[in-house]
There are 2 protein chains.
Amino acid sequence: MNKKNNLLQCPNPQTECKECPIRKMALFRDVPEDDLGWMQEFRNSQYLLPAREILFRQGETAHTLYTLFDGWLIIFKILDNGKRQILRFLLPGDFFGFQVNSIGPTGGYLHSSLALMDSTLCAFPTTQLRLMMEKQPQLAIRLAEMEMHDMNLCQHHLIGTGRKNAQERIAFLLLELFHRVRLQKQNDYDESSNSIIFPLTQEDIGDAVGLTSAHVNRTLREMEKKGWTQCQGKYLTIRNEEALSKTGQFDPRIIISKPLI
Amino acid sequence: MNKKNNLLQCPNPQTECKECPIRKMALFRDVPEDDLGWMQEFRNSQYLLPAREILFRQGETAHTLYTLFDGWLIIFKILDNGKRQILRFLLPGDFFGFQVNSIGPTGGYLHSSLALMDSTLCAFPTTQLRLMMEKQPQLAIRLAEMEMHDMNLCQHHLIGTGRKNAQERIAFLLLELFHRVRLQKQNDYDESSNSIIFPLTQEDIGDAVGLTSAHVNRTLREMEKKGWTQCQGKYLTIRNEEALSKTGQFDPRIIISKPLI
DNA sequence: CGTAAATTTGAGGTGCATCAATTAAAGTGG
DNA sequence: CCACTTTAATTGATGCACCTCAAATTTACG
């Protein structure tokens, strides 16, 4: 039950914080370059987590904070009835492993975390965060900012699950993930391409938006027949973004991380 | 459509921050007493908002941050199809009005806010928050802490709406609100009483957990017949907390605000 | 190339929605 | 304090979106 250590230590040399390509999205974005050196001292290491492996399970004690460096992860909870709810999709730059994501009142994780594809993580000890924030108050502001961004997504997620039908929920989810990936790759990739690598199974989609995989399948088929999307294999293609955003009530501006105030 | 100024200015004298009875729950909790004076300079005033009046509407431009001093409020969103999703219940000490609660990318509110009973608010200008945080880094940490607490509630809300049936959702909601109110009144009230003032209509309950008011009614009746709760008039009584927490999968420890790390 | 995992499809059932009408409760002004 | 009005609660009949279970088919992968 308590399978641990799916993590593999990264081979050296590892990425320096100073040269980190995703830092512009990450917690340390606002830390001055000169201070990154000692910040990096706090870091444990970089780790590799293979696809479909668990990083932590609800109940385990937590002592590590993570920044996702490369890959896709999910944060989810298994209920008493065995059902699974996916709470959050993690993309490169996302920060997690603390309180609601998910250290509970007992000190153990409230949720579990799983890699959807081979992923790389930067880790440092939970105990250091407050210390670092006291030395670098910018860090606290940036953390609040990131929290708010995640909260925004969580609220949209809630709105969908509470008040939208299957098609509306799925349209929103596909567009959200599509745009989040695109925001990452804005330099690397062909802007005009409307496809992304998409590692979710239909069961994952269902557990994110509160539907059965069978119903997800039927809904995806419908949307394909209408020529809105293509979602098969490891790729997602958006063919009619306008129709999708309209039914899903999705506005791409929610994806952009805004300053706190 | 754009009805404004449901707010009434409070009669003087107003409560001093230094003597504020809810500060132990609020944003300024960790600000040293000596600094509260100049903090208070930033504050606009205290306002009264009558029951069932709107504080702000989605779309309006935002320039005020609020701490709820007394009363109950909800934050909600109206979808294109006219349906309403309640995102958050605000109790005294809660802080809101910023980004996800709810300033969107356009600078306007994403959500609306409504008083469930006569309420009192402390207000200060949006533009001051960053300034205050720079002078008082504790404030940023405290803000992140409160955000995380709210995020936790939001995630539980999502779990319920996504993966629980009507009875489980309602049981969780009633217990959550019951315990939050009790935590407030821990000194004022009789600890042993299992009743609280409860200003939600059945439609409010439905819009919080994603059900019709008709179905909420039938479910509440069921739970009353089983002797679990009594929810009528302006009161909620918990009669069988064990049964309720078990079906709702509610753990009162999630209510307690934990330090950031 | 063989096995496991994911997708696809079908038949049948149900939890909750929808719509509508009735009853009860809460305000409101005289 | 009572008639009046409005709002909320209650209840019933009917329908559908989505679930459940299961089998067939396709795809992924060592």
Side-chain angles (χ1 to χ4, degrees), chain A residues 50-53 74 79 81-86 114-118 160-171 173-174 197-225 229-236 247, chain B residues 50-54 74 79 81-86 114-118 160-171 173-174 197-225 229-237 247:
Chain A
R52 292 285 155 182
E53 296 278 336
I74 51 174
L79 305 203
N81 56 26
K83 288 179 179 163
R84 180 178 72 153
Q85 174 68 50
I86 294 178
L114 172 97
L116 294 182
M117 57 167 70
D118 292 348
T161 310
R163 289 305 190 201
K164 291 179 183 167
N165 65 26
Q167 215 170 88
E168 294 165 339
R169 294 183 208 187
I170 292 175
L173 178 70
L174 297 185
I197 293 174
F198 192 75
L200 309 213
T201 67
Q202 295 180 357
E203 197 172 355
D204 292 333
I205 296 176
D207 288 345
V209 300
L211 296 169
T212 307
S213 67
H215 201 66
V216 169
N217 182 279
R218 282 184 259 261
T219 309
L220 282 176
R221 287 232 114 273
E222 261 181 63
M223 301 201 304
E224 272 178 36
K225 246 178 262 170
T229 57
Q230 190 163 355
C231 181
Q232 47 186 245
K234 293 229 157 308
Y235 293 90
L236 164 68
T247 52
Chain B
R52 292 285 155 184
E53 295 279 335
I54 287 197
I74 52 173
L79 305 205
N81 55 25
K83 288 179 179 164
R84 180 178 71 152
Q85 174 68 51
I86 294 178
L114 172 96
L116 294 182
M117 56 166 74
D118 292 349
T161 311
R163 288 306 190 201
K164 291 181 185 169
N165 66 25
Q167 216 171 87
E168 293 165 339
R169 293 182 209 189
I170 292 175
L173 179 70
L174 298 184
I197 294 173
F198 192 76
L200 309 214
T201 68
Q202 295 179 357
E203 197 173 354
D204 292 333
I205 296 176
D207 287 345
V209 299
L211 296 169
T212 308
S213 65
H215 201 67
V216 169
N217 182 280
R218 284 185 257 262
T219 309
L220 281 177
R221 290 237 121 274
E222 260 181 64
M223 300 202 302
E224 273 178 34
K225 246 179 259 170
T229 56
Q230 191 164 354
C231 181
Q232 48 185 245
K234 292 225 160 311
Y235 293 90
L236 164 67
T237 307
T247 49

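Naming: A, B, ... by sequence-line order, numbering from 1 per chain. We use all heavy atoms of the structure for the numbers below, so side chains are in, but hydrogens, waters and symmetry mates are not.
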Less than 4.0 angstrom between a side-chain N/O of A:Q202 and OP1 or OP2 of C:dT8, yes or no? yes
State, yes or no, whether a side-chain contact exists between B:E168 and A:L79 at a heavy-atom distance under 4.5 Å. no
By nearest-heavy-atom nucleotide on DNA chain D, the more 5' of B:L200 and A:A214 is B:L200
Please classify the nucleic acid contact of B:L220 as base, sugar-phosphate, or nothing, using heavy-atom distances under 4.0 Å. nothing
B:N217 vs D:dT10: side-chain N/O to OP1/OP2 distance below 4.0 Å: yes
What is the distance, to the nearest angstrom, from the CZ atom on A:R221 to the C1' atom on D:dT25? 12 Å
Answer yes or no: does a side-chain N or O of A:R218 lie under 4.0 Å from OP1 or OP2 of C:dT9? no
For the residue pair A:E224 and A:Q232, establish whether any side-chain heavy-atom pair is separated by less than 4.5 Å. yes
Across the strands shown, which category fits A:G210 at heavy-atom distances under 4.0 angstrom: base, sugar-phosphate, nothing? sugar-phosphate
Starting at atom NZ of B:K225, determine the distance to atom P of D:dT10, rounded to an integer number of angstrom. 11 Å
Do A:I74 and A:R84 come within less than 4.5 Å of each other through their side chains, counting heavy atoms only? yes
Gap between atoms CE and P, on A:M223 and C:dT8 respectively (whole Å): 12 Å
Using a 4.0 Å heavy-atom cut-off across all strands, classify A:T201 as base, sugar-phosphate, or nothing. sugar-phosphate
Separation of atom OH in B:Y235 from atom C1' in C:dA26, rounded to whole Å: 14 Å
Distance in angstrom units between B:E203 CD and D:dA9 P, rounded: 9 Å
Taking the side chain as every heavy atom from C-beta outward, state whether A:D207 and B:R163 have any atom pair closer than 4.5 Å. yes
Just how far, in rounded Å, is C1' of C:dT18 from CG of B:L211? 14 Å
Whole-Å distance, A:Q232 CD to C:dT8 C1', equals 12 Å
Could you check B:A166 against B:K234 and say which one's nearest nucleotide on DNA chain C is further toward the 5' end? B:A166
Derivation of the side-chain contact (heavy atoms from CB on, under 4.5 Å) call for B:M223 and B:L174: CA-CA 12 Å; B:M223 300 202 302; B:L174 298 184; 4.0 Å; yes
Check the distance between C:dC16's P and A:R163's CZ and give it to me in whole angstrom. 13 Å
